[in-house]
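To start, the structure under review is shown below, and the notes come after it.
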Amino acid sequence: MTKRIRKVTMLAVAGIAMLSACTQKEVTLQVETKYGVVEGIEEDGVKKFLGVPFAQAPVGELRWKAPQPVQAWEGVREAKAFGDDPMQPNIFGDMNFRGSGRSEDCLYLNIWTTAKTTGDRLPVLIYFNGGGLMAGSGSEPRYDGSSIAKEGVIGVTANYREGVFGFFAHPELTAASDYKGSGNYGFLDQVAAIKWVKENIAAFGGNPDRITIVGESAGSFSVSLLMCSPLSKDLIAGAMLSSGAEVLPYEPSTQADADAAGAALLKEAGIASLADAMAIDADSLQKLLPPRGMANVVLDGYFMSESADAVFEKGEQAQVPLLAGWNSLEAHPMQALQGQAPTVQNYKNVLKGQFGDMTDEIFEAYGITTDEDVMSQKGFNLVSDLFTGFPTWKACDYHVKNSSQPVYRYHYMHPRPQVSEKMGDMTGALAGGVREKTAEEKKAKQPDIAPGAVHSADIEYAMGTLDTNEFYDWQEEDYAISKLFLSYYANFCKTGNPNGEGLPKWSPITKENLDAAPVMIIDVESKEVASPEKENAYRTLEKFYKK
């Protein structure tokens with residue numbers, strides 16, 4: 001009897017294996033999505049499907065409307081070149097794009113995969129670009145998914161509407177929408193991209209149940225919201241924040257306030273009505289309504305009904321592993337000092353308008369007591385935390401306290417190397433490119449290396465894309481750090497845990513170790529540290545913001 005049962009069991013298992021093998025399909029350069037067949041290209045062992053539409057073009061009557069599902073096509077659609085980049089002025093002149101142009105017709109995503117069959121079920125990484133919600137594109141070389149694809153993770157980048165095209169609210173738009181809201185179109189584009197990947201990535205050899213989202217700067221702020229939105233939080237298996245989260249001290253806008261601001265914006269630009277704005281071509285509209293800084297998320301009752309802080313505090317965010325961090329020089333004290341001498345008193349004076357009677361307490365918490373401290377890592381930490389460090393820390397803090405999922409935090413320290421000699425009198429710029437040196441910089445003749453890892457400097461390292469940026473003289477240590485960082489990213493996408501063979505051990509933050517949280521220092525000598533004094537500094541800022 002036992003032998004018969006064993007035989008039947010073995011036959012059943014064999015049958016399931018045969019059925020599974022039969023249902024698997026080879027992943028070729030032609031892939032059938034739910035909307036039609038796309039044909040990509042292969043380079044260096046990586047299949048690339050570029051410029052794949054994930055929503056209808058938001059043009060004409062679809063301008064300032066939630067993204068609409070892609071319309072199916074017949075035949076084979078070429079996916080061998082990037083689609084148009086989102087509309088945007090040259091805010092960051094050093095941003096480098098590979099799209100065919102800039103237009104409102106920009107809702108395209110890009111896929112890099114090494115899967116052989118649909119049975120491979122590889123984990124997926126979706127990267128949302130930075131750029132202040134004003135600029136950027138999934139076509140930027142620094143986000144290229146080739147390297148992470150070679151690590152066994154399908155890389156995806158997705159455009160979303162920027163500036164006035166993605167984040168404009170108006171009373172008439174609110175009244176006309178199905179959900180009685182407006183202003184979050186760029187965020188809704190991101191949701192649509194995740195949904196498209198969820199529906200279609202299996203055909204590219206991916207696992208729709210193993211999607212991790214990541215973003216840097218504005219993309220990181222976006223990911224924190226996507227963790228909280230009811231439209232997206234159940235679609236992901238993991239999240240990574242790189243320099244930013246839309247929690248304290250950042251606050252959302254009410255729909256009424258956003259509507260009023262949009263109406264005032266049209267009036268200020270001399271546009272008589274929403275109908276007139278709809279009739280203006282994209283180039284002209286962008287000149288009339290240029291971006292004014294990173295937009296706040298709108299509590300539209302659809303994408304978000306309450307602040308991310310409220311969602312995190314109630315533990316209603318995506319219950320997934322979180323990896324998050326920021327750079328050592330996200331901002332510089334001289335930006336705050338605006339030409340004044342870098343003394344403690346001057347530093348306090350410029351921040352007293354913000355901190356008021358807590359100024360001395362905050363400076364003490366950061367250990368800034370001498371003039372020398374102002375231009376040290378202590379001084380960098382304070383101004384960097386005011387920009388991105390503190391909200392990223394707070395998102396981690398919320399997630400540790402209000403989820404059962406692991407949280408891994410890092411601090412990226414390594415400066416970019418010298419600008420390549422072939423660049424001449426150029427110096428590093430914010431988006432990874434270069435700009436011409438000022439007369440003062442030329443006169444100084446100092447090495448063109450920042451005293452820390454500036455905002456956005458981590459991207460090429462984490463994504464393994466150093467070679468896409470020809471502006472810097474990359475050294476062996478840069479490639480070693482990039483290999484480490486990329487390995488952490490890939491491992492996290494695969495298992496929700498960045499650790500792996502040969503990598504420095506990275507412990508998660510828990511409720512028990514919050515006061516001395518383990519943090520991975522990523523640098524030439526990467527290591528895990530615990531710094532209670534830094535946790536005290538964050539708690540002091542938290543005390544200020546919650547007053």
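In this chain, numbering begins with 1 at the start of the sequence shown. Note that the structure is predicted; figures quoted are calculated from it, not measured.
Side-chain rings of Trp64 and Phe168 approach one another, their centers coming within less than 6.0 Å. Here Tyr412 and Phe485 bring their ring centres to under 6.0 angstrom of each other. For Phe492 and Tyr488, the distance between ring centers is not under 6.0 angstrom.
The closest side-chain donor-acceptor pair between Ser507 and Glu528 falls under 3.5 angstrom. Looking only at atom types and distance, the side chain of Glu162 has a donor-acceptor partner in the side chain of Asn129 under 3.5 Å away. Judged purely by distance below 3.5 Å, without hydrogens or angles, the side chains of Glu460 and Asn469 pair a donor atom with an acceptor atom. Between the side chains of Asp144 and Thr465, not a single donor N or O lies within less than 3.5 Å of an accepting N or O.
Side-chain N or O atoms of Ser482 include none that pairs as donor or acceptor with a backbone N or O of Asp478 at under 3.5 Å. Side chain of Glu246 to backbone of Leu225: no donor-acceptor contact under 3.5 angstrom is found. Between the side chain of Asp85 and the backbone N or O of Arg102, no donor-acceptor pair lies under 3.5 Å. A donor-acceptor pair under 3.5 Å links the side-chain atoms of Asn184 to the main chain of Val298, judged by distance alone.
Glu39 has a carboxylate O that lies under 4.0 Å from a charged side-chain N of Lys80, or vice versa, which qualifies the two as a salt bridge. Contact check on Lys116 versus Glu26 returns no salt bridge, with no Lys/Arg side-chain nitrogen under 4.0 Å from an Asp/Glu carboxylate oxygen.
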Open item on the list: side chain to side chain contact (heavy atoms under 4.5 Å, CB included) for Leu503 and Asn491? Distances and angles first, verdict last.
Closed with: CA-CA 11 Å; Leu503 303 176; Asn491 291 341; 3.4 Å; yes
- [ ] May I have the step-by-step check of salt bridge (Lys or Arg N to Asp or Glu O under 4.0 Å) for Glu43 and Lys48, ending in yes or no?
- [x] CA-CA 8 Å; Glu43 292 180 358; Lys48 305 178 182 182; 2.8 Å; yes
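Ring geometry, Phe303 versus Phe187: the interplanar angle falls under 30°, so the pair is classed parallel (tilted spans 30 to 60°). Taking the six-membered ring where tryptophan is involved, the planes of Tyr143 and Tyr127 are tilted, since the angle between them lies from 30° to 60°. Aromatic ring pairs are classed by plane angle as parallel below 30°, tilted from 30° to 60° and perpendicular above 60°; the pair Phe221 and Tyr250 is perpendicular.
Contact check for Trp112 versus Val156: no side-chain heavy atoms found under the 4.5 Å cut-off.
Within a 6.0 Å radius of CD in Gln319, more than 12 heavy atoms belonging to other residues, nucleotides or ligands are found.
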